[in-house]
J.: 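Quick one: the structure is below, questions incoming.
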Amino acid sequence: MTKKKDNIRNFSIIAHIDHGKSTLADRLIERSENISQRDIKEQMLDDMELEQERGITIKLKSIKIHYKANDGKVYDLNLIDTPGHVDFNYEVSRSLKACEGAILVVDASQGVEAQTLANTYLALEQDLEILPVLNKIDLPSARVDEVKLEIEHQIGLDTDKAPLVSAKTGLNIEDVLEDIVENIPAPEDHDDKPLKALIFDSYYDSYVGVICYIRVFEGVVRPGDEIKMMNTGKVFEVNQVGYTSRGRIATKELRSGDVGFIEASIKQVKDARVGDTITTVENPTDKPLTGYKEVLPMVYSGIYPAEGESFDKLRDSLEKLQVNDAALVFEQENSQALGVGLRAGFLGLLHMDIITQRLEREYDLDIIATAPSVIYKLKLKGQDNEKELQNPNDFPDPTEIQYIKEPVTISEIITPKDYIGQVMDLAQSRRGELINMTYIDESRVSIKYKIPLSEVIYNFFDSLKSRTKGYASLDYEVTDYQVSDLVKLDILINEQNVDALSLIVHRDNAYSRGRGIVEKLKDEIPRQQFAVPIQAAIGGKIIARETVRALRKDVIAKCYGGDISRKKKLLEKQKEGKKKMRQLGNVEVPQDAFLAVLKLDDE
Ligand SMILES: Nc1nc2c(ncn2[C@@H]2O[C@H](COP(=O)(O)OP(=O)(O)OP(=O)(O)O)[C@@H](O)[C@H]2O)c(=O)[nH]1
């Protein structure tokens with residue numbers, strides 16, 4: 001039998017969003033012997049500013065907790081943080097692979113939700129021991145017994161001994177730590193084998209280069225070792241190894257079973273990709289760990305500097321973000337309407353939102369993002385190969401198309417049964433095909449649909465939330481490509497095609513999308529000296545039209561001598577409108593108009 005590293009436990013915390021994962025992590029870390037209560041920042045594992053504001057976990061990290069258990073022994077508990085959003089599922093799976101077990105946090109007032117299940121499945125795929133914990137038992141709305149039953153019925157986990165905690169007040173936190181020590185398997189001892197370590201996160205630091213967070217499965221790694229990334233083939237010399245606790249703490253080596261970091265003067269995270277296997281050049285292991293995947297962007301959008309901003313600054317800023325984000329890709333593109341910009345690929349809309357917000361906040365840039373598009377597969381007549389298509393402006397002449405395929409998802413929606421009707425309405429309006437519907441308990445159902453990805457990314461989640469008063473949850477995965485009747489929808493302002501507003505849509509939705517957009521633009525575009533027609537068209541055929549009527553003389557002249565505050569208001573309004581205008585031909589269009597197209601809702 002293989003020897004075990006009996007003083008080590010490697011675990012993650014998994015949960016549905018907002019069920020208290022980060023709060024519980026903080027409480028566990030507080031119990032660590034070498035960190036005093038005072039040093040704990042709120043939400044210690046989520047230390048990026050944006051993460052804190054949005055209350056979500058984006059970057060993975062690990063932290064070592066020294067815990068003296070009831071058996072009198074001191075354990076190294078390595079807590080590995082996982083992001084909580086579907087966009088980052090691959091990273092979640094790599095983090096879980098680094099562990100032997102997972103704490104499944106379930107909010108005792110909310111019960112099992114879509115992501116509770118989805119994350120549990122991810123953990124089961126990695127063969128982890130899963131320990132359920134009921135959180136928020138301090139809430140009057142907590143329904144411990146019911147939620148225990150839900151966990152037993154839906155997930156099949158025994159909840160008899162599940163700790164009942166309040167991460168907020170710290171109640172029963174000790175039970176969780178004891179549960180970890182007793183029930184999560186210790187890692188195996190393979191110190192004598194060649195090095196085999198998994199990168200489960202990598203992060204760029206401007207002083208030391210990329211810091212790789214790793215789990216060593218076999219062998220030992222020390223400073224001075226020449227290491228090789230088995231999937232990318234890159235070779236580096238290790239400068240330092242160690243673990244994270246209050247900060248990064250250097251050690252002389254990391255051995256099998258350990259979780260820690262490696263620094264090796266690596267310049268960009270692309271060279272130390274999440275999921276890659278590290279071995280040594282001198283004594284390499286024969287096979288890399290399984291499950292490595294190069295993360296590929298799912299949605300693309302044009303990112304343009306706003307009026308008065310420099311393109312070079314935009315490109316430099318995105319390059320800086322890319323150093324730390326292997327999933328972010330971009331290339332230059334030109335728009336007639338918006339000039340030189342970049343076409344960037346993202347894992348999903350949240351990822352896109354995070355990047356655009358970071359550009360605005362950390363790099364102080366004003367940008368315009370065009371409507372996100374998924375990646376289509378296109379085959380032209382007389383050609384043998386499919387091509388990828390993600391920019392509406394590359395849409396070919398329809399007569400040349402043999403077929404276009406679009407990515408489709410399996411989407412699981414969990415909702416209270418009172419909202420089944422609304423959910424089905426929504427899914428059907430988004431070209432959803434029902435796969436099945438199962439009752440989770442008397443009050444809630446899980447509904448599975450096959451829905452095109454483009455429909456899921458287009459406000460689906462927000463519409464779902466508003467139709468179900470926030471109760472429904474969503475999880476989706478792209479499973480397939482299917483042939484679809486897609487067209488390019490053009491938007492014309494003052495008879496000129498605005499390429500940055502073009503979209504690829506399903507023919508059945510083209511009319512309503514076109515109508516929605518022209519109506520929205522009519523509200524967004526201020527009156528000019530002349531009437532401005534706004535049209536939506538498919539292949540030159542106009543399908544919707546609105547007109548922004550011409551301005552009547554000076555707006556202020558009318559309230560001459562009148563109420564001064566009203567006059568001020570008007571002026572302010574004009575000024576605000578002026579602030580972010582974009583000249584399209586001879587029409588001034590506010591930048592917000594581009595956003596309006598993105599935010600368009602069908603409610
Ligand atoms: N009443 C009560 N509130 C809690 C408890 N644990 C967490 N919360 C609150 O629930 C909210 C979500 O907690 P987080 O720890 O941020 O949840 P999370 O699961 O980490 O969320 P993500 O990182 O966004 O996935 C916060 O407002 C917490 O203060 C608890 O035991 N009782």
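All ligand and atom numbering here is 1-based and tracks the order in the structure. This structure is a prediction, so every number in the text was calculated from the model and none was measured.
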J.: How would you list, by chain and number, every residue that makes a ring-ring contact (aromatic ring centres under 6.0 Å, His included) with Tyr304, sequence neighbours excluded?
T.: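 With neighbours one apart ignored, the set is empty.
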J.: Would you mind listing which atoms of ligand 1 come within a distance below 4.0 Å of any non-hydrogen atom of Ser166?
T.: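 With Ser166 as reference, the close atoms of ligand 1 come out as 30 (C), 31 (O), 32 (N).
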J.: Checking contacts here: is it the side chain or the backbone of Ile17 that comes within 4.0 Å of ligand 1, counting heavy atoms only? Could be both or neither.
T.: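 Both the backbone and the side chain of Ile17 come within reach of ligand 1.
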J.: Hey, are Arg27 and Glu30 close enough for a salt bridge, meaning a charged N less than 4.0 Å from a carboxylate O?
T.: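 So Arg27 pairs with Glu30 through a salt bridge.
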J.: Which ligand 1 atoms does Ser22 reach within 4.0 Å, using its non-hydrogen atoms?
T.: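 Answer for ligand 1: 15 (O), 18 (P), 20 (O), 23 (O).
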J.: From atom 17 (O) of ligand 1, work out which of Ala167, Ser141, Gly20 has a heavy atom at the shortest distance.
T.: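 Comparing heavy atoms across Ala167, Ser141, Gly20, the nearest one to atom 17 (O) of ligand 1 lies in Gly20.
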J.: Which residue in the set Ile355, Ile354, Val323, Val269 passes side chain to side chain contact (heavy atoms under 4.5 Å, CB included) when paired with Leu328?
T.: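 That would be Ile355.
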J.: Quick one: does ligand 1 sit under 4.0 Å from the side chain of Asp138, the backbone, both or neither, non-hydrogen atoms only?
T.: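 Asp138 to ligand 1: side-chain contact only, backbone stays beyond 4.0 Å.
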J.: Side chain, backbone, both or neither: which part of Lys21 comes within less than 4.0 Å of ligand 1 when only heavy atoms are counted?
T.: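 For Lys21, backbone and side-chain atoms both sit under 4.0 Å from ligand 1.
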J.: Quick one: which ligand 1 atoms are inside 4.0 Å of a heavy atom on Leu139?
T.: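 Here the atoms of ligand 1 in question are 1 (N).
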J.: What pairs with Asp6 under side chain to side chain donor-acceptor pair (under 3.5 Å), at least two apart in sequence or on another chain?
T.: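 Result, side chain to side chain donor-acceptor pair (under 3.5 Å) vs Asp6: Lys73.
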J.: Does Glu100 pair with Arg215 as a salt bridge, N-O distance under 4.0 Å?
T.: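 Judged by the 4.0 Å cut-off on N to carboxylate O distance, Glu100 and Arg215 do form a salt bridge.
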J.: Check Arg431 with Glu406, please: is the shortest side-chain N to carboxylate O separation under 4.0 Å?
T.: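 So Glu406 pairs with Arg431 through a salt bridge.
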J.: Regarding Glu150 and Arg143, does a basic nitrogen lie under 4.0 Å from an acidic carboxylate oxygen?
T.: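 Looking at Glu150 and Arg143, the cut-off is met.
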J.: Nearest non-hydrogen contact with atom 28 (C) of ligand 1 belongs to which option: Thr23, Asp81, Asp107, Leu24?
T.: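 Considering heavy atoms of Thr23, Asp81, Asp107, Leu24, the nearest to atom 28 (C) of ligand 1 sits in Thr23.
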J.: Quick test of your reading of the structure: of Lys168, His16, Lys136, whose heavy atom lies closest to atom 9 (C) of ligand 1?
T.: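 Considering heavy atoms of Lys168, His16, Lys136, the nearest to atom 9 (C) of ligand 1 sits in Lys136.
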